[in-house]
Amino acid sequence: MSVRLIKYTEGDSVVHRLDPRAKLTFLFSILIALILTASLPLIIPLLAISLTFYLSARLPWDKTKSTWKFTVVIILVLSALNYLTISVLYGGEGVNLLQKLTSQEIILKSITPVCKLLTLVIATATFVFTTPPNLYAPALGQVRLPYKIAYIIQLALRYVPEYIAEMSKTLEAQMARGYRPRGGKNPIARILSVVPLLVPVTISATISIYDIADAMELRGFGEEKCHTWYRSLVMKRGDRLLMIVSTLLIVAYTIQYAILLLT
Amino acid sequence: MGSRSFSVTGIVAMGVGTALYAAFNVFFNMIQLPGTQLVALRPSVSIPMFFGYIFGPIVGFVAGFLGNIISDAISWGGFWWNWDVGNGILGLIPGLAIYFLSGEKLFERKGLLMASILSIVASILGMGFAAYTDYIFGYGISTIEEATYALFLPAAITDAINGAILTPILVAAYSSAVKGRARRS
């Protein structure tokens, strides 16, 4: 069972070469802008921006296929659900169902949230696909976040594949002892059937925390206030440009929101 | 509390908790065990609850929050910050047990019952936060009824059942496993 940790895809596009810190700022600005807006005409430019971001990464289709499949299913289900609940519940009195289903306001109202979702998904997925996971911790460490926080992520990324391997090992070992997960119709029995799998891995990992902490303490972790990173990141022209664009986005959408509040 | 959570043990606990939660999520998504689908949808929710209960609320929050981010990034490559915070709350609430019970009592019968109750509270609050922020910020859904029936109720009920059963089992197993060890903080 091979698991590719984090869906990073090698490449040499503009987006791949950007500084992870600049990309993080960009994601943050998209997030803020989406929170501050609720109308479709203002979401369309954001959607266009994140589509440009995605397209300039030139990701191969066969790598991104599974993400798109998942996204499309979620979006289709949600938009159908939206469309029906809005038209049935908020269609207004005295009009027949057909009129409700085709009214422009309702279609607009059910499309807006889906566009919002799509914008967020495209932007974040592009970030995940174009940033090597070994740069996450240095990037966070070098935006002046305390290095301990960056280290949590470093530790987590280091142990995920190990625990996945441990789980399949445990499953095979239990199956060799005659373990068969089943439980019929009883939901509690079904939940209890994962106990032989869940408990050994969790408890051995939890006990090992103390050993890992001791090993790190012996090497002096946590003694110094500062911490240097092996990979030092350098901002280039493109990164600064993206930072400026992100700041402008935040400013523009904040002003828009303020105007909306005042009027 | 703050200083204890950011000690070296606390940092490692956050890292390991995050990794475990992410690994379990990915594992249960990948390998569909026969008979454990649907109802036991996410037995892994007991991991942040357990870490919160043992190592304190901050560790629990980080394990749920980061673990969900990483498992999303592995399995389909995207993230929803409000669901991540909701998963963090799953770990945060059981951590509050430290303020009600002291030391040894955490692992006795009363403590196990407390772990179970707090897991249910955590599921309701955490999934409630995630589902209703989806509605408030308009991520994909646009009515409050959808937030309740399509997101909140299914997620909160399965998480509450899983957490209420599995968290005390994990806590009891931990307390007997750690008994023979010299160091315990």
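In what follows, chains are A, B, ... by sequence order, proteins preceding strands, each numbered from 1. What's counted below: heavy atoms across the whole structure, side chains too, no hydrogens, waters or symmetry copies. What you are looking at is a predicted structure, and each value in this text was computed from that prediction instead of being measured.
Counting only heavy atoms from C-beta outward, the side chains of B/Val12 and A/Tyr159 never approach each other to under 4.5 Å. With contacts defined as side-chain heavy-atom distances shorter than 4.5 Å, the pair B/Trp81/A/Ile35 qualifies. Contact of the B/Phe137 side chain with the A/Leu34 side chain is not registered, since no non-hydrogen atoms from C-beta on lie closer than 4.5 Å. Inter-residue side-chain proximity for A/Thr206 and B/Val16 is flagged as unmet; no heavy-atom pair is nearer than 4.5 Å.
In terms of the side-chain contact (heavy atoms from CB on, under 4.5 Å) criterion, residue partners of A/Ile153 (sequence neighbours excluded) are, by chain and number, A/Tyr136, A/Leu140, A/Leu157, B/Leu66.
For A/Tyr257, the OH atom counts as loosely surrounded, since its 6.0 Å shell holds 12 or fewer non-hydrogen atoms of other residues, nucleotides or ligands.
Contact record, A/Ile203 with B/Ala177: CG2-CB, 3.6 Å, taken as the closest heavy-atom pair. Contact record, B/Ala19 with A/Ala156: CB-O, 3.5 Å, taken as the closest heavy-atom pair. Nearest approach of A/Ile164 to B/Ala23, heavy atoms of both residues: CG1-CB, 3.6 Å.
Of the atoms belonging to B/Leu170, heavy atoms from both backbone and side chain fall under 4.5 Å from chain A. For B/Phe51, the part sitting under 4.5 Å from any heavy atom of chain A is the side chain, from C-beta outward, and nothing else. Proximity to chain A (any heavy atom under 4.5 Å) is restricted, for B/Ile165, to the side chain, taken from C-beta onward. Both the backbone and the side chain of A/Leu198 have a heavy atom closer than 4.5 Å to some heavy atom of chain B.
Note: B/Ala13 leads B/Ser46, B/Ala13, B/Ala22 in heavy-atom pairs under 4.5 Å with chain A. Highest contact tally toward chain A, considering only B/Thr18, B/Leu166, B/Val62, B/Ile169, is held by B/Leu166 [criterion: heavy-atom pairs under 4.5 Å].
Sorted by first and then second residue, the side chain to side chain donor-acceptor pair (under 3.5 Å) pairs involving residues 113-133 of chain B (not counting sequence neighbours) are B/Asn82-B/Thr133, B/Ser119-B/Thr167, B/Tyr132-B/Thr148.
Separation of atoms CD1 (A/Ile212) and OG1 (B/Thr9) is listed at 10.5 Å; rounding is to 0.5 Å. Separation of atoms CD (A/Glu166) and CG (B/Leu20) is listed at 9.0 Å; rounding is to 0.5 Å. Expressed to the nearest 0.5 Å, how far OG1 of A/Thr202 lies from CZ of B/Phe24 amounts to 3.5 Å. Of the inter-residue distances, the one linking A/Lys116 atom NZ with B/Asp134 atom CG reads 10.5 Å to the nearest 0.5 angstrom.
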